[in-house]
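Ligands are counted one by one from 1 in listed order, and the atoms in each one are counted from 1 as well. For the numbers below, each heavy atom of this structure counts, side chains included, while hydrogens, waters and symmetry mates do not.
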Amino acid sequence: MPTRKNEAVTSHPFGIAWIMSEVASPHGECHCGGTHGQSRMTRIGLLNSVRRKKAEGIDGAQLEVVCHVVTYTLRYSILPSERERYNICIHYVIASFLGRSNDKSRGISLENLNYIADQFKPGGNVIKVKEFGNGNINDTYIVTLDQAEENKFVLQRINTHVFKQPRLIMQNMRTFTEHVHQRVRSEGRAWAAPHVIPTKDGQDFLIDEDNNFWRAISFIDNAQSHDTIKDLSHAREVGHALGMFQNLISDMPIESLADTLEGFHITPRYLQNYYWALLKNSSHDTPEVKHGMKFIEDRREFAHVLENANLPLRPIHGDPKVNNVMIHTETGKAVSIVDLDTVKPGLVHYDIGDCLRSGCNPLGEDAEDWEAVHFDPEIGSAILEGYLTEARAFLTAADYNHMFDAIRLIAFELGLRFFTDHIAGDVYFKVKYPGHNLHRALVQFKLTESIEAHEVDIRHIVKSAVA
Ligand code: GN1
Ligand code: MG
């Protein structure tokens, strides 16, 4: 009798048969950089692992990782030797079967998670803790309680390699929430701001015995987010949400917010980190890496455009990508922007650029075919229209002059960040397969190219949205 998990494997849209045919396909061999015989070794090794582990039971998500690994090794000749490619493949496959990857995010037992969730529960008993969302930095879980009201909350383990002073995040969250609750009350808006749920002994966070930093925040009911824009009305709502968010915090003194992540969105700093990473790590001679290096070199001067523009520091969100905007499930209206770890002083242009680079890329950050990635000006126009209904209240003429630069820069910057992390050995962003960061970088570079090609349109869109 097959186990339930084995059934999931065979009925998975990719399926074992798919992997086998993909691995055996001639296009794979000509891109893999090895000889026929060597490719077979990779193939046989992988399939043996898959078969061995299949007998133990694997699920669809794990199989997806396998697919990524297989297609990666065939598509990119990034690793210097066939033997190395083989070893890394096997490492990732096995790690994914065991429920671990190199993302440093796993390894917490369900028992521990339940125990930690229990320390925060605002009432009732914990009945389920489930991984949630697809954040690249922190680990997020949804906790379900056995009570009728407020029966869910969000539990997060903050990545302290990235956020070195997580207490500052909690401090900002308190300041921010108080301010926004007051503003929303006085202006009578339908807007939800997630709040901190304290531990049973009244603390904002919990540090477990392995020194992990945990915090809990309220769950926004009847709302959901999407990874890409669904239609133009969704685009307008995403833009509107960002305008509303920035407007709600526009009167907070920047001194009241701590800098939770030094250097965040300062593109010249990322450029410096990139050169460091190149110096410290060897072997950059694959076609994809060479392409990325040339792409960055050609835009080296441009990296300074916003930092040199004399724009004012204001409170910003820092990460207003499409899937951080919560949309009401019935009305389709935006009701909140979540992920408040990078609410801090910055340039509103970082937010505008981030919202558009994420919203106007219909194929998404993980687009399978990076060469097909493009910027959609129609979506851009709808996002800006929604944004400006709120943001007109606080933007100045100088702000408008740098909108095109912002959109181009943040796409480039994210590509640069992913690329640097690839060169540095995947130390910052979580990855699901070897080469994931390189792939993500190629997606953002392609998007940047498309933004550059649409310069006249985008400048025109900004002008007409402002008029
Ligand atoms: C990271 O973890 P997540 O997905 O919320 C990153 C953002 C990037 C984003 C790209 C603190 O955000 O800057 O735009 O990935 N956050 C941090 O998806 O670096
Ligand atoms: Mg984030």
Enquirer: Quick one: look up the protein heavy atom nearest atom 3 (P) of ligand 1 and list residue, atom name and how far away it is.
Expert: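 Answer, as residue, atom name and distance: Asn136 N, 3.6 Å.
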Enquirer: Testing the basics here: between Leu388 and Ala465, what is the closest heavy-atom pair and its distance to 0.1 Å?
Expert: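 In this case the closest contact between Leu388 and Ala465 is CD1-CB, 3.5 Å.
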Enquirer: Looking at ligand 1, is there an atom of it that comes within less than 4.0 Å of some heavy atom belonging to Lys430?
Expert: no
Enquirer: Say whether Thr175 and Asn172, considering side chains only, have a donor N or O and an acceptor N or O under 3.5 Å apart.
Expert: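 Not at all, the side chains of Thr175 and Asn172 share no donor-acceptor pair under 3.5 Å.
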Enquirer: For Phe394, is the NZ or CZ atom of Arg314 found under 6.0 angstrom from the centre of its six-membered ring and inside 45 degrees of the ring axis?
Expert: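 Judged by the rule (NZ or CZ under 6.0 Å from the ring centre, within 45° of its axis), Arg314 is not positioned above Phe394.
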Enquirer: With a 4.0 Å cut-off on heavy atoms, does Arg357 reach ligand 1?
Expert: yes
Enquirer: For atom 9 (C) of ligand 1, what is the nearest protein heavy atom, given as residue, atom name and distance?
Expert: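 Looking at atom 9 (C) of ligand 1, the protein heavy atom closest to it is Lys321 NZ, 3.6 Å.
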Enquirer: Give the numbers and elements of all ligand 1 atoms closer than 4.0 Å to a heavy atom of Phe264.
Expert: 13 (O), 17 (C), 19 (O)
Enquirer: Given side-chain contact (heavy atoms from CB on, under 4.5 Å), test Thr199 with Phe205 step by step and report yes or no.
Expert: CA-CA 7 Å; Thr199 59; Phe205 55 86; over 6 Å; no
Enquirer: Check ligand 1 against Phe163 and write out every atom of the ligand that is under 4.0 Å from a heavy-atom position of the residue.
Expert: 11 (C)
Enquirer: Could you tell me whether some N/O pair between Asp339 and ligand 1 is separated by less than 3.5 angstrom?
Expert: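 Among all N and O atoms of Asp339, at least one is under 3.5 Å from an N or O of ligand 1.
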Enquirer: Between Asp366 and His436, is any side-chain donor less than 3.5 angstrom from a side-chain acceptor?
Expert: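 Present: a donor and an acceptor within the cut-off.
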Enquirer: Check each atom of ligand 1 against the heavy atoms of Glu365 and keep those under 4.0 Å away; list them by number with element.
Expert: 10 (C), 18 (O)
Enquirer: Can you name the closest pair of heavy atoms from Ala334 and Ala241 and give their distance?
Expert: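 Smallest interatomic distance, heavy atoms only, reads CB-CB, 3.7 Å.
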Enquirer: Please list, in number order, the atoms of ligand 1 under 4.0 Å from a heavy atom of Leu261.
Expert: 11 (C)
Enquirer: Looking at atom 19 (O) of ligand 1, what's its closest protein heavy atom, distance included?
Expert: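 Result for atom 19 (O) of ligand 1: Tyr428 OH, 2.5 Å.
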Enquirer: Provide the number and element of each atom of ligand 1 under 4.0 Å from a heavy atom of Gly135.
Expert: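 The list of qualifying atoms is 2 (O), 4 (O).
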Enquirer: Can you name the N/O/S atom of Asp339 that is nearest the Mg ion (ligand 2)?
Expert: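 This turns out to be OD2.
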Enquirer: What is the name of the N/O/S atom of Asp319 that is nearest to the Mg ion (ligand 2)?
Expert: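 Closest to the Mg ion (ligand 2) among those atoms: OD2.
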Enquirer: Nearest to atom 12 (O) of ligand 1, what protein heavy atom do you find, and at what distance?
Expert: Asp319 OD2, 3.3 Å
Enquirer: Suppose we measure from atom 16 (N) of ligand 1 to each protein heavy atom; which comes out shortest, and what is that distance?
Expert: Ile137 CG1, 3.7 Å
Enquirer: Using a 4.0 Å heavy-atom cut-off, say whether Asp341 meets ligand 1 through its side chain, its backbone, both or neither.
Expert: neither
Enquirer: Tyr387 and side-chain hydrogen bond (donor to acceptor under 3.5 Å, both in side chains): which single residue from His240, Gln246, Arg392 fits?
Expert: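 With Tyr387 as partner, His240, Gln246, Arg392 yield a single side-chain hydrogen bond (donor to acceptor under 3.5 Å, both in side chains), made by Gln246.
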Enquirer: Starting from atom 13 (O) of ligand 1, find the nearest protein heavy-atom neighbour and note its residue, name and distance.
Expert: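 The answer is Arg417 NH1, 2.9 Å.
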